[in-house]
2 protein chains.
Amino acid sequence: MGSLMSSPAKIQTVLPAASCENCGVRRLCLPVALDAKDLDRMEELVRARPRLERGDYLYWAGDAFNSLYAVKSGAMKTFGITSDGEEQLTGFFFPGEVVGLDAIDNGIYNCNAVALADTQLCEIPYARLDDLGDALPALPRELTRILSRELLADCKMLTMVGRMTAGQRIACFLFNLSGRLADHNGGEIEHIELPMSREDIANYLGLTIETVSRKLGELKKQGLIGVAGRRVDLLDRDGLAEICPF
Amino acid sequence: MGSLMSSPAKIQTVLPAASCENCGVRRLCLPVALDAKDLDRMEELVRARPRLERGDYLYWAGDAFNSLYAVKSGAMKTFGITSDGEEQLTGFFFPGEVVGLDAIDNGIYNCNAVALADTQLCEIPYARLDDLGDALPALPRELTRILSRELLADCKMLTMVGRMTAGQRIACFLFNLSGRLADHNGGEIEHIELPMSREDIANYLGLTIETVSRKLGELKKQGLIGVAGRRVDLLDRDGLAEICPF
DNA sequence: CGACGAATTGAAATAGCTCAAATGACGTGG
DNA sequence: CCACGTCATTTGAGCTATTTCAATTCGTCG
């Protein structure tokens, strides 16, 4: 197991430059409900914007929790390690999504967070977000919504991993991915450039890398998708939907 | 497959009588951070206290979301149904825990919620909780913590279902259960009275009922636990811990 | 071009599933 | 209080989807 280890994080702290107001993922992100005036206060808070390269760690499991991180561009993954050395990928995070939510309660990051590609993040110091929440109730309200959404997503993952066949998991995974990537790309998407390796996919879905490869191959042979390395084309959405039992 | 269908919910609405202040699960529940004065306002809000019998539905997947429900006594389960009729249990809920959190974002209950035993609940109308949150910031703060905790629990479930063997899942499950039941029973617990059937356990852990039965039998044969129907005794915690790789 | 990691493909092994039957627990009605 | 029916659980035996192990192929980067 374990080829995920990588060089230590080289976080370049970039002081506030880009603004939430003009951010490409604004309508997906935390300040979605804030008006112009309140946005300013949010921007004060979002101070550092570390930029990660593929393979860089944002944080390690066990680190003290200080900040949430919103993905501006790129992609992240989070994974835990069991005491017997098994890795379990617990999530992928794309632009507009927030990393670190599961650490709020116990004050410790419970997973490792690693960049899957060059990734820009907004650092949101949690203590300050919490304070600002007293003045701007829209903020905790939106945070609650985001948490709830994440919870629902996890339930779906549980169903996928607990009850579906390998083929179904792959189909659902591709569907879900295309939906999320479409969110911040305007409309529909038929072509996906996977930011994660087969190993990541396998690990996420509770499968082996070989099974992922084989099932992708089958879907390809059936003409439902096109696969070429990390490029995947959803050729027959309806056919895929038939496989994916959500 | 579906033997879970049951008679329609017969929710007996019991008007306020018990108070949060004297509630046995207060230190686990939402108002944990409120002082005496604020507790009053919380109690106004928690108006109805439905009582369910075993098998009663609290809500169905697809129902409009109006309230969260805190478990006072008894136990609940939530489960979703995929389009091909498979059921997936997504959670068990014990005293002090809150049901319905995954419905906040999209305003619809995404799962079915059913009582596993005679169960007393506190109904927390979400709109009013939201309003009250503006005045009492401790409330949304605690809600956030609860959501975050739930998120972390789901990550652990993912790891269990995705990467562990049947025996490991069972061991972890028993561990987790004993911990949660101990929470509101004072201290340690060596004896568990399972409120759920083997079918529920199997469904929760992504196994079949037969495998659950067999693995429980093995653990018993190894002297790690005692099993007699729904009574389980944790005879050798360390031995169990060795199996459970968290 | 050559080398190394990632991905695919193949063949054999297995954990857990499915199907089937036996046993046990429990409430009902005589 | 006992006999019976129902439903939950256990146990058994064979089966299968996925894993494991092993060997190629592909892709990328120095």
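Note on naming: letters A, B, ... go to the chains in the order of the sequence lines (proteins, then strands), and numbering restarts at 1 for each one. Computed over heavy atoms, backbone and side chain alike; hydrogens, waters and symmetry mates excluded.
Distance CZ (A:Arg163) to C1' (C:dG16): 12 Å, rounded to an integer number of Å. The CZ atom of B:Arg230 sits 15 Å away from the P atom of D:dC7 (whole-angstrom rounding). In this structure, B:Asn203 places its CG atom 16 Å from C1' of C:dG16, rounding to the nearest Å. Rounded to a whole Å, the CD atom of B:Glu218 is 13 Å from the P atom of D:dT10. Rounded to whole Å, the distance from CD on B:Glu210 to P on C:dT23 is 17 Å. In this entry the distance linking NZ of B:Lys215 with C1' of C:dT14 reads 11 Å, nearest Å. Rounded to an integer number of Å, the gap from CD1 of B:Ile170 to P of D:dT9 is 12 Å. A:Ile209 has its CD1 atom 9 Å from the C1' atom of C:dT8, to the nearest Å.
Within the structure, a side-chain polar atom (N or O) of A:Thr211 is placed less than 4.0 Å from OP1 or OP2 of D:dT19.
Using a cut-off of 4.0 Å between Lys/Arg side-chain N and Asp/Glu carboxylate O, B:Arg231 and B:Asp233 are scored as salt-bridged. A salt bridge does not link A:Arg237 with A:Glu190: none of the charged nitrogens is closer than 4.0 Å to a carboxylate oxygen.
Across all strands, B:Gly167 comes closer than 4.0 Å to no nucleic acid atom at all (heavy-atom distances). Nucleic acid contact class of A:Leu216 (heavy atoms, under 4.0 Å, all strands): none. Residue A:Lys220 is classed as having no contact, given no heavy-atom separation below 4.0 Å to the nucleic acid.
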Salt bridge (Lys or Arg N to Asp or Glu O under 4.0 Å) between B:Arg54 and B:Asp118: does it pass, once the steps are laid out?
-> CA-CA 5 Å; B:Arg54 173 188 188 139; B:Asp118 289 358; over 6 Å; no

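Taking only side-chain atoms of A:Leu207, from C-beta outward, the nucleotide of D:dT19, D:dT11, C:dG16 with the closest atom is D:dT19. If you check D:dT10, C:dT9, D:dT18 against the side chain of B:Val227, the one that comes closest is D:dT10. In this structure, the nucleotide among D:dT18, C:dG16, D:dT9 sitting nearest to the side chain of B:Ser197 is D:dT9.
Geometrically, B:Lys156 engages B:Phe246 in a cation-pi contact, judged by NZ or CZ lying under 6.0 Å from the ring centre and within 45° of the ring axis.
For D:dC7, the base has no donor-acceptor partner in the side chain of B:Glu199 [N/O atoms by modelled type, under 3.5 angstrom]. Counting distance only, with no hydrogens placed and no angle test, the side-chain atoms of B:Arg214 and the base atoms of C:dT18 include a donor-acceptor pair under 3.5 Å.
Shown are A:Asn112, A:Thr90, A:Asn110, A:Asp102; of these, the side chain to side chain donor-acceptor pair (under 3.5 Å) with A:Thr78 is made only by A:Thr90.
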